[in-house]
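Structure, as structure tokens:
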Amino acid sequence: MSKLIGDQLPDDLYQRLLGNDLEQSGEKVILLATVDDGGWPHLAMLSYFEVIAKDRRNLRLATYKGSRTTRNMQANGKATVSIVDERSAYYVKGNVEEIAREMECSPQNSKLNLRVEQVLADAANEEFEPGAYVASGVTYKNPGRNQQLQTAREVLRELVEDRLNK
């Protein structure tokens with residue numbers, strides 16, 4: 001059952017989203033939910049290579065610039081980021097604003113800011129499911145991981161920069 005915990009990232013989630021441990025988090029998926037023009041939820045899979053905390057109230061996102069996900073956020077300015085891992089699940093809801101249509105280091109991506117409005121923590125209800133917990137999050141494998149790590153560092157660095165890109 002999810003529970004509202006505030007309007008900013010809690011310590012453990014903030015630390016996880018600072019981009020300091022890409023080797024450890026590099027195969028973990030972050031789910032991004034938007035709403036399409038028909039009112040349907042639309043899910044996309046990102047990674048810790050495309051999401052970083054600028055501070056406790058702002059997440060920066062790199063999404064494919066022409067994707068349905070990016071168009072949904074441009075159209076209605078709303079998104080939910082789901083971070084699920086062993087023994088933890090967070091849903092971060094926020095208002096999204098495009099900062100740059102095209103990133104310099106990764107021209108296929110747009111640079112967006114999600115202003116945190118609500119953070120919810122989810123866990124099993126001990127009364128009804130004693131001892132139950134989330135065993136793991138979603139993961140993926142990339143055979144080009146070493147090259148991907150270098151690119152990720154560049155993307156994350158650009159995401160937290162404040163200069164405006166054209």
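Computed from a predicted structure; not experimentally measured.
- Rounding to the nearest 0.5 Å gives a distance of 7.5 Å between CG of L61 and CG of L159.
- Across V35 and N76, no two heavy atoms sit closer than the pair O-ND2, 3.0 Å.
- By the 6.0 Å contact criterion, OH on Y14 is enclosed, its count of non-hydrogen atoms from other residues, nucleotides or ligands being greater than 12.
- With hydrogens and angles disregarded, no donor-acceptor distance shorter than 3.5 Å links the side chain of R115 to the backbone of N95.
- Between the side chains of E97 and N113, no donor-acceptor pair of N or O atoms lies under 3.5 Å.
- The backbone N or O of Q108 lies less than 3.5 Å from no partner atom in the side chain of S106, so there is not a single donor-acceptor pair.
- What you find for Q118 and L4 is that their closest heavy atoms are CB-CD1, 3.9 Å.
- Looking at I52, V92, V51 one by one, the single match for side chain to side chain contact (heavy atoms under 4.5 Å, CB included) with L17 turns out to be V51.
- Rounding to the nearest 0.5 Å places CG of L114 at 14.5 Å from NZ of K54.
- Between R68 and D36 no salt bridge is recorded (no basic side-chain N to carboxylate O distance below 4.0 Å).
- Y90 places a side-chain heavy atom less than 4.5 Å from the side chain of P10.
- A salt bridge is defined here as a Lys NZ or Arg NE, NH1 or NH2 lying under 4.0 Å from an Asp or Glu carboxylate O, and K111 with E158 fails to meet this definition.
- A donor-acceptor contact shorter than 3.5 Å is absent between the side chain of R87 and the backbone of V134.
- Contact check on E102 versus K65 returns a salt bridge, with a Lys/Arg side-chain nitrogen under 4.0 Å from an Asp/Glu carboxylate oxygen.
- Rounding to the nearest 0.5 angstrom, the gap separating the CD1 atom in I30 from the OG atom in S25 is 7.5 Å.
- A side chain to side chain contact (heavy atoms under 4.5 Å, CB included) with H42 holds for exactly one of D37, L32, T69; it is T69.
- For the pair M45 and Y140, the minimum side-chain heavy-atom distance is 4.5 Å or more.
- Taking each heavy atom of M103 and A62 in turn, the nearest pair found is SD-CB, 3.8 Å.
- Annotation for A79 and M73: closest pair CB-SD, 3.9 Å, computed over non-hydrogen atoms.
- For A124 against A132, the heavy-atom pair with the smallest separation is CB-O, 3.6 Å.
- Remark: side-chain polar atoms of E50 are paired, donor with acceptor, to backbone N or O of S47 under 3.5 angstrom.
- Counting heavy atoms from C-beta outward, L46 and L31 have side chains that stay 4.5 Å or more apart.
- A salt bridge links R153 to E23: at least one charged side-chain nitrogen sits closer than 4.0 Å to a carboxylate oxygen.
- E98 contributes no side-chain N or O that, together with a main-chain N or O of S110, makes up a donor-acceptor pair within less than 3.5 Å.
- Side chain to side chain, S88 and R16 meet the donor-acceptor criterion of an N or O pair below 3.5 Å.
- A salt bridge does not link K3 with D122: none of the charged nitrogens is closer than 4.0 Å to a carboxylate oxygen.
- Residues Y91 and V119 have side chains not in contact (no heavy-atom distance under 4.5 Å, counting atoms from C-beta outward).
- Judged by distance alone, the side chain of T70 and the main-chain N or O of G66 form no donor-acceptor pair under 3.5 Å.
- Within the 4.5 Å cutoff, the side chain of V29 has no heavy atoms near those of the T139 side chain.
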